[in-house]
Amino acid sequence: MRSKIPSFIIIPSILSVIMFMYYVIFDNNYIGHPVTISFFITITILLLILDSIEYLIFSRRIKFLTEKEKRKILEENEGNYFFRFYKFIFHDPKKINRGIKKIDHGFDGILELDNKLPMWWLHLFYLTIVFSLIYFISYFFTDFSDPYKEYEMAYKKQLKEIEIYEKKIPQVTIENASFEEKLIDNGKVLFEENCSTCHQSDGSGNIGPNLTDDYWINIVEKDLFKNIFSIIWNGSKNNPTMRAFGQSGEIKGNDIQKISSYVYFINTKLKKPMKSKEPQGKKIMNWNLFIK
Ligand code: HEC
């Protein structure tokens, strides 16, 4: 006979299961795609047609039943669905278990009863089985909730957000650049990536001069930190091998501030390296007093 679940519940339920499976298989990639939308519209129409066919069959069949059977079916389907559902799920347990026989192996006066399980419990149990089946298939045969893939996606998203953020925040320029101790570690990493081929990781010099001594070829600013920043930004006027990292856009102002902080740190605060390139340029001990 006709299912007692009304179509306004059964159609959305089937639809959401299909949508879920669709999401599991295709991820978010095609959700807004016209093909997807027409697919779901078609499914909805098909479900509506199926539902009306089912209703037609029901009303034809009911014609051939006896009065008593007819009344019974109509009674069963009468009233608010939710109320009927509530009554079904929370049957009075005393009522359904009336007349249940005792199982014949009690000990010490303790009797075992063959009680029926409450409907809500039983149906929750079935639901967990269905859920685990769907989850099992999704987990092992698709990418759904695969921790590695989720990690990769989150990682990429994060990188993109950082990129957008970096683009938005104002970049440091020579005017407001200053030495900051907390940038040293970051600067060290950037220095190793961009500068160590010519200056060594410890700044002791290779193709480029030793950056840890007090001898300077390029003296363009009064302040040591600004001098470093300016050279990285503008490159060397005398020697194009030291290129203009800032001007060309190869390194952004904020990163140049980090690198400059690191160079300033190894020049003024760190112990000098054991081996370094011979001095080049002029010796300058007191930068602030030096006027170019
Ligand atoms: C391709 C090699 C090369 C790379 C890469 C390079 N430099 Fe240089 N650098 C040089 C040379 C060569 C000089 C000397 C320029 C001159 O004679 O005026 C120099 C000079 C300098 C000076 C000035 C030294 C002085 O005595 O005037 C600083 C500071 C400096 N580099 C920092 C850096 C930093 C920081 C980086 C990384 C962002 C970097 N360099 C990358 C080759 C390089």
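Numbers here simply count residues along the sequence, with the first being 1. When a ligand or atom number is given, it counts from 1 through the structure's own listing order.
Short contacts between ligand 1 and L211, defined as distances under 4.0 Å to a heavy atom of the residue, involve ligand atoms 22 (C), 24 (C), 28 (C), 29 (C), 30 (C), 32 (C). If you number the atoms of ligand 1 from 1 as listed, the ones under 4.0 Å from a heavy atom of I259 come out as 35 (C). Ligand-side atoms of ligand 1 in range of T241: 1 (C), 2 (C), 3 (C), 12 (C), range being under 4.0 angstrom from any heavy atom.
Atom CZ of R71 and atom OG1 of T66 lie 9.0 Å apart (nearest 0.5 Å). S7 contributes atom OG, which lies 10.0 Å from atom OH of Y55 (distance to the nearest 0.5 angstrom). The CD1 atom of I14 lies 5.0 Å from the CG atom of L47; values are rounded to the nearest 0.5 Å. Here the NZ-CG distance, from K87 to N80, works out to 11.0 Å after rounding to the nearest 0.5 Å. For the atom pair CZ (F26) and CE (M21), the distance works out to 11.0 Å, reported to the nearest 0.5 Å. Atom CD1 of residue I259 and atom CG of residue L190 lie 5.0 Å apart, to the nearest 0.5 angstrom.
M242 lies close to atom 8 (Fe) of ligand 1, since one of its N, O or S atoms is found at a distance under 2.8 Å. At a cut-off of 2.8 Å, C195 does not coordinate atom 8 (Fe) of ligand 1 through any N, O or S atom.
Ring geometry, Y86 versus F90: the interplanar angle falls from 30° to 60°, so the pair is classed tilted.
Both the backbone and the side chain of I217 come within contact range of ligand 1, each with a heavy atom under 4.0 Å. With a 4.0 Å heavy-atom cut-off, ligand 1 is reached by no atom of L190. Contacts of N218 with ligand 1, taken as heavy-atom pairs under 4.0 Å, involve both backbone and side chain. Only the side chain of S236 comes within 4.0 Å of ligand 1, judged by heavy-atom distances. Contacts between W216 and ligand 1, counted as non-hydrogen atom pairs separated by less than 4.0 Å, involve both the backbone and the side chain. In K237, neither the side chain nor the backbone holds a heavy atom less than 4.0 Å from any atom of ligand 1.
Here's the thing with N194: none of its N/O atoms is less than 3.5 angstrom from an N/O atom of ligand 1.
In this structure, of C198, G187, G208, S230, the residue bringing a heavy atom nearest to atom 1 (C) of ligand 1 is C198.
Comment: K160 does not engage E163 in a salt bridge, judged by the lack of any side-chain N to carboxylate O separation of less than 4.0 angstrom. Here K258 pairs with D255 in a salt bridge; the nearest charged N to carboxylate O distance falls below 4.0 Å.
Proximity of G281 to ligand 1 is not established, as no heavy-atom distance is less than 4.0 Å. The closest approach between H199 and ligand 1 falls below 4.0 Å for a heavy atom of the residue.
Side-chain atoms of K282 never come within 3.5 Å of backbone atoms of W216 as a donor-acceptor pair (strictly under, hydrogens ignored).
In terms of protein heavy-atom proximity, atom 14 (C) of ligand 1 is closest to P209 CD, 3.3 Å. Looking at atom 12 (C) of ligand 1, its nearest protein heavy atom turns out to be N239 ND2, 3.6 Å. Of all protein heavy atoms, the one closest to atom 35 (C) of ligand 1 is I232 CD1, 3.3 Å. Annotation: atom 23 (C) of ligand 1 to nearest protein heavy atom, I231 CD1, 3.6 Å.
Heavy-atom contacts from other residues, nucleotides or ligands closer than 6.0 Å to CD of E161 number more than 12.
Of the candidates N267, I266, T268, I266 is the only one forming a side-chain contact (heavy atoms from CB on, under 4.5 Å) with L270.
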